[in-house]
Amino acid sequence: MSGWTPRPGTLGTDDYLDGNALAGPLSEVFAIDITAALGTCAGCGTVRAIAEARLYVHAPAKLLRCPACDGVWLRLDERDGRVIVDFRGLTQLTITLG
């Protein structure tokens with residue numbers, strides 16, 4: 001996966017969905033509703049629910065970006081019957097059980 005990052009200020013507010021749009025694809029990987037999990041941004045330290053992040057779907061992979069700094073939290077690539085999830089933009093993912 002590439003380290004593509006757009007130039008600052010080039011992403012419009014109509015270019016993304018919220019993180020809830022990842023519920024379906026991630027439900028195939030996780031047995032829980034991952035959108036309620038808290039992600040800690042590796043770039044700015046913001047802690048927010050996955051549902052609050054911005055999901056960009058017009059790329060080779062789905063990109064979930066931090067709502068505060070626009071850093072890439074995760075990449076989700078679905079191809080050849082596989083799902084590849086890259087979480088390198090999160091320092092931690094906190095999941096509340098039960």
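Annotation: the span from R48 atom CZ to C66 atom SG amounts to 7.0 Å, rounded to 0.5 Å. Note that CG of L74 and CD1 of I84 are 13.0 Å apart. Values are rounded to the nearest 0.5 Å. To the nearest 0.5 angstrom, L38 atom CG is 5.5 Å from T94 atom OG1. Separation of atoms OG1 (T46) and CD (E52) is listed at 10.5 Å; rounding is to 0.5 Å. For the atom pair CD1 (I34) and CD1 (I95), the distance works out to 4.0 Å, reported to the nearest 0.5 Å.
Both L17 and W73 belong to a single network of hydrophobic side chains, linked directly or stepwise wherever heavy atoms of I, L, V, M, F, W or Y lie under 4.5 Å apart. If you chain together hydrophobic residues whose side chains sit under 4.5 Å apart, V47 and V72 never meet in one group.
In this structure, A51 and N20 approach most closely via the heavy-atom pair CB-OD1, 3.4 Å. Considering every non-hydrogen atom in both D77 and P60, the closest pair reads OD1-O, 4.0 Å. Counting all heavy atoms, side chain and backbone alike, T40 lies closest to G45 at CG2-O, 4.0 Å.
You'll find the side chain of D18 stays beyond 4.5 Å of the side chain of L55, heavy atoms only. In this structure the side chain of L64 reaches within 4.5 angstrom of the side chain of L22, judged on heavy atoms.
Looking at D86, its side chain does come within 3.5 Å of a backbone N or O of R88 through a donor-acceptor pair.
The cationic group of R65 lies under 6.0 Å from the six-membered ring centre of Y56 and within 45° of the ring axis, placing it in a cation-pi geometry.
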